[in-house]
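Have a look at the structure below, then the notes.
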Amino acid sequence: MPTKRKYWLMKSEPDVFSIEALEKKKSEGWDGVRNYQARNFMREMREGDLVLFYHSNAKPSGVAGVATIVGEARPDPTQFDPKSDYYDAGSTREEPRWDLVEVGFVEKFEDVIPLETLKADAKLEGMLVTRKGSRLSVTPVEKAHFERVLKLAGSKTRA
DNA sequence: GCCAACGTTGGC
DNA sequence: GCCAACGTTGGC
């Protein structure tokens, strides 16, 4: 019996990496996460989990599509690379501090669901990304909230 | 560009 | 271990 699928939201600035870029590449290592809480959530991710792909610092910011976990947590190689923006001199190969997961493309929404819409939707009350000042780039999402966002997007993806 | 939120760092 | 200073995120 496989473990029950879980649901997540992951933020990315579209100037850095967008849903369009993921569509083109099919899958991508989600590197650069340098927050322990976000890292710990990534470690809980399992193949087949679904992800709301969120565009932050965008016009408008909001959910741009759906992704899925195709590879579970492993050390993020950028932490060892002195030339990388994500280099962490305090991390060693013996005891890596940061992980990434491999994320696969599922769907790009016809229109981004803006944060404003999420906040205004009574059915999404309590969703972490709608909380004022929420900066965490990886958060768990309740199944009901995930399904609601799919519905708002007119998505055919089945949660 | 501003600034609120909040995680991290470092002095003590 | 406390907490002020600092840096970053991210909406607006």
Residue pair A:Glu107 / A:Thr157, side-chain donor-acceptor N/O under 3.5 Å: yes

Residue pair A:Arg34 / A:Thr78, side-chain donor-acceptor N/O under 3.5 Å: yes

Whole-Å distance between [N] [atom2] and [X] [atom1]?
{"X": "A:Arg135", "N": "B:dA5", "atom1": "CZ", "atom2": "P", "value": "11 Å"}
{"X": "A:Lys59", "N": "C:dG10", "atom1": "NZ", "atom2": "C1'", "value": "13 Å"}
{"X": "A:Arg131", "N": "C:dT9", "atom1": "CZ", "atom2": "P", "value": "19 Å"}
{"X": "A:Arg34", "N": "B:dT8", "atom1": "CZ", "atom2": "P", "value": "13 Å"}
{"X": "A:Asn35", "N": "C:dT9", "atom1": "CG", "atom2": "P", "value": "10 Å"}
{"X": "A:Arg39", "N": "B:dG7", "atom1": "CZ", "atom2": "P", "value": "15 Å"}
{"X": "A:Met10", "N": "C:dG10", "atom1": "CE", "atom2": "P", "value": "12 Å"}
{"X": "A:Tyr86", "N": "C:dT9", "atom1": "OH", "atom2": "C1'", "value": "13 Å"}

Mutual orientation of the aromatic rings belonging to A:Trp8 and A:Phe41 [parallel < 30°, tilted 30-60°, perpendicular > 60°]: tilted

A:Phe146 and A:Tyr7 aromatic ring geometry - parallel, tilted or perpendicular at 30°/60° bounds: tilted

Establish, with yes or no, whether the OP1 or OP2 oxygen of [N] is under 4.0 angstrom from a side-chain nitrogen or oxygen of [X].
{"X": "A:Tyr54", "N": "C:dG11", "value": "yes"}
{"X": "A:Ser61", "N": "C:dG10", "value": "no"}
{"X": "A:Lys119", "N": "C:dC12", "value": "yes"}

Earlier contact from the 5' end, DNA chain B, for A:Lys132 and A:Arg97: A:Lys132

Which nucleotide in C:dG11, C:dG10, B:dT8 has an atom nearest any side-chain atom of A:Leu115: C:dG11

